[in-house]
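Report on the following structure.
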Amino acid sequence: MTRPMKETVKQLISDALDRARAKGDLNLAETPDIIIEEPKDETLGDFATTLAMQLARSEKKNPKVIAEVICGFLKDGNDAIDSAQVAGPGFINIKMSADFFRKRLREVVEQGRDFGRSDVGQNKKVLVEFVSANPTGPLHVGHGRGAAVGHALSCLLNMAGYDVSTEYYINDVGNQMNMLGRSTWLRYKELAGHKVTFPDDGYKGDYIRDIAQQVIDKDGTRHLDKPDEDALTFFRQFSKDSILEGIRNDLKEFRVEFDRWFSEASLDEDDSVNRAINWLRDKGFVYEKDGATWVKISESQDAADRVIIKQGGERTYFCSDIAYHKNKVDRGYDLILDLWGADHHGYVPRMQSVLKAMGYGEEVFKILLVQFVALKRGGKKVSMSTRSGEFETLSDVVAEVGVDATRFFFLMRSADSHLDFDLDLAKKESPENPVYYIQYAHARICSVFRTAEKQKVPFPELDTTDLSQLKEAEEFALIKKILAYRECIEKSALTLEVHRIAFYLHELVAIFHSYYKQHRIVTEDRERTLARLLLLDCLRNVIASGLSILGVSVPEKM
RNA sequence: GCGCCCAUAGCUCAGCUGGAUAGAGUGGCGGUUUGCGGAACCGUAGGUCGGAGGUUCGAAUCCUCUUGGGCGCGCCA
């Protein structure tokens with residue numbers, strides 16, 4: 001695994017600073033943090049640093065003067081750097097040599113499909129919990145966004161050198177399960193010809209009737225003869241299993257799988273809940289008041305203490321959640337990530353407070369909020385209420401738009417910003433659709449290779465390919481962008497922002513399309529053809545790698 | 001009432017955690033093909049970064065205030 005490109009540049013500058021200090025041209029009481037960025041205008045150079053401006057105060061010199069000094073030492077006996085120039089108020093623009101890029105490309109070829117893989121994760125154990133929708137109904141598009149983001153994030157972290165596990169937490173305990181069972185039981189009676197009064201807070205969706213029908217198809221009406229208690233137990237279990245099955249299928253269809261499905265009920269079975277409460281009690285976080293049991297967190301981030309055991313002895317949802325997270329902590333993760341729907345943001349401080357008590361501060365326990373999705377059709381927003389709108393479920397949207405487009409649309413925006421999902425646009429198999437733009441590039445490259453094969457051009461091998469055949473400005477632009485992939489992975493992983501990958505791919509592919517239009521790959525010039533093919537093979541690997549992280553398919557033909 | 005998120009081109013959004021003349025896509029307008037995939041490429045128009053102060057060499061980015069929108073504040077889950 002090689003170092004990211006900017007690290008190399010940083011080292012070159014650092015060396016230059018050392019030489020400047022040794023010669024007494026700069027004081028440098030402290031070694032500054034060197035930040036490498038890209039110049040606004042590409043023609044200015046490949047990299048830039050504002051170092052001189054940052055040093056101006058401590059050196060008590062004009063930034064321009066400092067920049068000149070650094071430039072002098074930078075160019076000193078160095079074949080990686082072509083030029084280093086001062087611009088504006090004290091920017092240092094650095095142009096790397098053609099050989100520098102060719103050497104780097106060579107390394108990319110050697111790494112093959114592993115290029116981009118990083119070790120910033122230091123093999124840390126990380127748990128990503130996402131979706132975790134209650135098993136009381138089918139997944140809607142909001143869950144779909146969470147699924148896409150969570151899954152892509154785990155792939156990304158894996159790529160960045162983390163040891164990743166994924167988990168879906170099933171809230172299969174409590175009132176909502178009772179209500180679910182009751183709702184199905186009532187629909188069942190209804191289907192059997194009985195008159196029932198359906199409660200206002202029951203689950204009214206059509207899927208409940210479907211489940212009831214399943215029971216009739218399977219067992220007929222024999223459950224009518226059971227005592228209510230027994231019937232409810234049956235319907236509760238059956239409904240939950242049926243809905244969970246549906247959720248699993250929807251997710252599988254959406255190419256999202258989990259390492260573990262964690263049942264809330266299991267926390268009871270192994271006494272985790274009591275142990276978690278006792279643990280908190282030992283730490284002095286628990287007290288009794290008004291016949292209920294409270295957890296004391298008002299002094300940390302949350303505004304008020306919260307009830308964990310109600311007057312009636314029943315536990316709150318929060319209580320189970322504490323136990324669940326205690327369980328996560330006990331499993332020894334270095335990093336715990338929760339992806340929640342944005343509507344739960346009010347719940348964030350109390351969970352953070354508890355985790356903090358368990359020794360997991362904000363650096364190791366992170367809650368990522370995934371904002372809502374607004375579906376649009378014909379320029380108008382589709383209502384997302386449970387009763388209206390045919391396209392509110394994930395599976396309906398996937399059926400209409402396709403997995404690739406759906407996933408890409410969920411991932412092309414930062415997760416914490418509201419998303420307008422334009423169904424008409426996502427459905428188009430045409431230029432306006434950004435998914436195809438990237439996939440098309442991959443298919444196009446594959447097509448070029450097919451052409452090369454037809455013309456008996458051998459697959460380019462590193463030993464037999466002369467990379468100095470790559471001379472065009474567009475080729476260097478492409479190489480530069482390919483080389484930036486590794487940094488993109490690291491940056492995205494560290495900031496937990498998957499949408500950067502989508503943007504990167506779009507930019508990468510744009511350079512390719514432009515290059516392709518201007519320069520022919522397969523020509524009579526065999527040497528040059530091989531060099532260009534090798535470049536395209538690297539590009540193809542990066543596109544495939546990036547799309548795989550996003551969970552978007554990588555077509556060889558379209 | 002208190003708290004969180006958002007506001008950038010007609011529309012949808014980026015903006016690398018304070019840097020150079022604020023960028024893409026889409027839509028508008030005008031172009032590009034006897035050659036590897038035109039699902040592509042090139043050009044052009046489009047902006048008081050919601051508003052007002054402040055911090056400094058420098059602010060879309062940080063602080064305060066303000067306006068408009070989304071959401072949350074249960075012994076619900």
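Just so it is clear: chains get the letters A, B, ... in the order the sequence lines come, proteins before strands, and each one is counted from 1. Please read these numbers as outputs of a predicted model, since none were measured by experiment.
- Electrostatic pairing of Arg413(A) and Glu497(A) does not count as a salt bridge here, judged by no charged N lying under 4.0 Å from a carboxylate O.
- In summary, the aromatic rings of Tyr516(A) and Phe512(A) are positioned with their centroids under 6.0 Å apart.
- Taking a centre distance below 5.5 Å and an interplanar angle below 30 degrees as the stacking criterion, Tyr516(A) stacks against the six-membered base ring of C36(B).
- With hydrogens and angles left out, the side chain of Asn93(A) and the base of A20(B) share a donor-acceptor pair within 3.5 Å.
- Nearest-nucleotide mapping onto RNA chain B: of Asn171(A) and His418(A), the residue sitting toward the 5' end is His418(A).
- Closest-nucleotide positions on RNA chain B for Ala415(A) and Tyr347(A) were compared, and the one nearer the 5' end corresponds to Ala415(A).
- C5(B) and G47(B) have their C1' atoms separated by 24 Å, with the value rounded to a whole Å.
- For C42(B), the OP1/OP2 oxygens have a side-chain nitrogen or oxygen of Ser514(A) closer than 4.0 Å.
- Separation of the His506(A) and Tyr437(A) ring centroids falls under the 6.0 Å cut-off.
- One finds a side-chain N or O of Ser414(A) lying less than 4.0 angstrom from the OP1 or OP2 phosphate oxygen of A14(B).
- Taking only distance into account, the side chain of His506(A) never meets the base of G25(B) through a donor-acceptor pair shorter than 3.5 Å.
- Residue Lys310(A) places at least one side-chain N or O closer than 4.0 Å to OP1 or OP2 of A77(B).
- For Lys491(A), a side-chain nitrogen or oxygen approaches OP1 or OP2 of U17(B) to under 4.0 Å.
- Comparing atom distances between the Ala87(A) side chain and each of U12(B), A20(B), G72(B) picks out A20(B) as nearest.
- Look at the P atom in both G50(B) and A9(B): the space between them is 8 Å, to the nearest Å.
- Between C42(B) and C6(B), the distance separating the two C1' atoms is 36 Å to the nearest Å.
- Applying the 90° criterion around 0 to the glycosidic angle, U17(B) comes out syn.
- Judged by ring centres under 5.5 Å apart and planes tilted less than 30 degrees, Phe91(A) stacks against the six-membered base ring of A20(B).
- Nucleotides A40(B) and A60(B) have their C1' atoms positioned 33 Å apart, rounded to a whole Å.
- Comparing C71(B), C36(B), C16(B) by their closest approach to the side chain of Val448(A) singles out C36(B).
- Between Ser417(A) and C5(B), a side-chain N or O to OP1/OP2 separation shorter than 4.0 Å is absent.
- Taking the charged nitrogens against the carboxylate oxygens, Arg532(A) and Glu475(A) do have a contact shorter than 4.0 Å, which makes a salt bridge.
- Going from the P atom of U66(B) to that of C29(B) covers 45 Å, rounded to whole Å.
- The C1' atoms of U55(B) and G18(B) are separated by 11 Å, rounded to the nearest whole Å.
- With P as the reference atom, A59(B) and G19(B) are 11 Å apart, rounded to whole Å.
- The distance between the ring centers of Phe262(A) and Tyr324(A) falls below 6.0 angstrom.
- OP1 or OP2 of G37(B) sits under 4.0 Å from a side-chain N or O of Ser447(A).
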